[in-house]
Amino acid sequence: MSKKDVIKSLKGVAVDHYKNTEDYVTETMPEPDRVYLPCVQHMGAPCTPVVKVGDLVKVGQLVADCDKAFSSPIYSSVSGKVVALEDFINPQGVRTQNVVVEADHQQQMYEGIAPPKVTNTQEFLKAVRDSGLVGLGGAGFPTHIKLSLREPEKVDTLCVNIAECEPYITSDYRNVMEDGQDIIDGIELVKKYVGKITQVFIGVEDNKPKAIQRLQLLTQDKPYIKVLPMRSQYPKGAEKVLIYESTGRVVGDGMIPADVGVIVMNGTSIAFLAQYMKTGVPLISKRITVDGSAITNPKNIRVPLGTRFVDIVQFCGGYKEQPRKMLMGGPMMGIAIYDDTYPLLKNNNALLCFGEKETKAIPSSACIRCGRCVRACPFSLMPAAIDRAYQAKDVEKLKALCVGRCMECGCCAYVCPAKRNLVLTNRLAKQLLRNSAPKK
Ligand code: SF4
Ligand code: SF4
């Protein structure tokens with residue numbers, strides 16, 4: 001990506017925010033009668049169950065793991081009995097197994113839980129893997145892999161992403177307001193054990209003045225941490241955009257942030273890291289935003305992982321109307337689900353249930369070649385041309401159009417007057433390229 005492209009990306013798309021729940025203090029949802037813990041909740045190698053049906057487990061006890069480094073262990077969020085190991089296809093279409101635990105409602109903690117002993121980078125990375133942490137705001141990339149740097153001496157910057165540029169979602173905002181000190185403590189840990197970090201940027205969209213103020217207060221005696229208010233325009237939280245906004249550095253095609261000396265972490269992930277180092281309690285629950293006109297009482301809630309969405313909705317007063325669309329995540333990049341029996345995963349940060357109000361069905365029509373999608377794309381792609389190339393299954397053209405660069409941000413579909421389903425097309429086009437690549 002050229003410098004010109006990145007500067008263009010700063011335009012973004014002005015989306016309506018609907019941050020209805022920003023002042024709703026996080027409530028803690030009691031454990032449900034059963035949790036369903038999928039063995040794939042991360043990028044990388046799938047886990048396999050380490051428990052069998054009939055085993056008794058406690059809160060924070062390991063239930064699934066993998067001997068590959070590029071993976072992340074799964075822990076029970078309730079105490080109780082393993083009642084099933086059942087097949088499950090997750091919303092991305094990945095076939096895996098669920099460890100189903102029937103809660104005894106005693107919530108007994110696993111005896112092996114203790115703060116990890118960390119004195120060097122190797123021990124820190126092991127502790128991060130043991131915590132079960134994956135990127136909590138995105139694709140679920142295992143955090144210990146992200147922090148295992150090939151050339152640590154070249155990484156001098158940490159960017160903490162609290163942009164929360166998706167409409168509706170306020171869970172990261174609540175994290176700042178309720179657990180802000182943990183964010184700062186997490187930053188200190190990463191700074192101490194990873195790379196040669198000399199500067200830290202905390203990127204927050206300027207539509208969250210209270211969060212900016214709180215972070216400035218918490219960092220006033222730390223000159224190396226800069227709170228960076230960013231103009232509120234989607235997708236400011238995109239990794240490459242945040243890095244450019246913070247440092248002016250450009251992450252080109254085929255590069256990762258560490259190649260330009262930067263690590264990017266989500267604010268909730270870094271706060272969890274600090275909590276884990278203090279308590280040793282692995283990732284077993286998640287703060288999420290539940291909103292949308294089909295929900296009776298929208299809330300921010302802390303939910304045991306593996307809780308089914310139907311139980312979460314029940315905790316929020318049930319459905320006000322039959323949802324027409326349900327999303328795991330925000331309306332720009334979230335994944336639509338057709339069934340509310342899906343369980344909450346590590347990287348889910350919202351459950352949105354849209355009713356009639358948000359889902360006026362406008363049929364898709366032929367492209368009128370207005371060029372709006374091209375102007376909206378942060379990475380200077382040509383979504384309309386990709387759409388045509390995909391319909392023609394023209395693999396060479398798709399390569400030439402650099403569809404692999406698409407981060408599926410949704411800006412193109414958002415501005416398209418013909419309501420073309422451009423993000424879906426891009427996803428399918430990328431899959432077509434993967435399928436047509438020579439097998440190794
Ligand atoms: S979804 Fe892809 S093509 Fe569309 S605007 Fe975002 S990066 Fe560009
Ligand atoms: S925004 Fe929609 S109608 Fe306009 S060029 Fe792109 S695909 Fe075609």
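Indexing begins at 1, ligand by ligand and atom by atom, following the structure's order.
Atom 8 (Fe) of ligand 1 has Cys377 SG, 2.3 Å as its closest protein atom, hydrogens excluded (heavy atom only). Among protein heavy atoms, atom 6 (Fe) of ligand 1 sits closest to Cys409 SG, 2.3 Å. With respect to atom 3 (S) of ligand 1, the closest heavy atom belonging to the protein is Asn426 ND2, 3.1 Å.
For ligand 1, the atoms lying closer than 4.0 Å to a non-hydrogen atom of Met407 are 7 (S). The atoms of ligand 1 that sit less than 4.0 Å from any heavy atom of Gly410 are 1 (S), 6 (Fe). Atoms of ligand 1 found under 4.0 Å from any heavy atom of Glu408, numbered from 1 in the order shown, are 1 (S), 2 (Fe). When each atom of ligand 1 is checked for a heavy atom of Pro378 under 4.0 Å away, the hits are 5 (S).
Remark: Tyr24 engages no residue in a ring-ring contact (aromatic ring centres under 6.0 Å, His included) (not counting sequence neighbours).
For the residue pair Gln431/Arg434, the side-chain donor-acceptor check at 3.5 Å is satisfied. Using a 3.5 Å distance cut-off with no hydrogens or angles, the side chains of Tyr319 and Asp340 do pair a donor with an acceptor.
Here Cys406 meets the criterion, with an N, O or S atom under 2.8 Å of atom 2 (Fe) of ligand 1.
By the 4.0 Å N-to-carboxylate-O rule, Lys210 lies close enough to Asp23 to be salt-bridged with it. Between Glu151 and Lys154 there is a salt bridge, with a side-chain nitrogen of the basic residue lying less than 4.0 Å from a carboxylate oxygen of the acidic one.
None of Asn175, Thr26, Thr170 except one satisfies the side-chain hydrogen bond (donor to acceptor under 3.5 Å, both in side chains) rule with Asn300; the exception is Thr170.
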Inset, instruction - List the steps, then state whether ring-ring contact (aromatic ring centres under 6.0 Å, His included) holds for Tyr342 with Phe309. - result: CA-CA 6 Å; Tyr342 276 117; Phe309 290 134; 7.2 Å; no

Inset, instruction - Given side chain to side chain donor-acceptor pair (under 3.5 Å), test Asn266 with Asp172 step by step and report yes or no. - result: CA-CA 9 Å; Asn266 166 273; Asp172 279 356; 3.2 Å; yes

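Distances from atom 2 (Fe) of ligand 2 under 2.8 Å pick out these protein N/O/S atoms: Cys416 SG.
Under 4.0 angstrom from ligand 1, there are no non-hydrogen atoms of Ile386.
Cation-pi geometry between Lys192 and Phe124 is not satisfied (NZ or CZ under 6.0 Å from the ring centre, within 45° of the ring normal). The side-chain tip of Lys226 does not point at the ring of Tyr224 from less than 6.0 angstrom away and within 45° of straight on.
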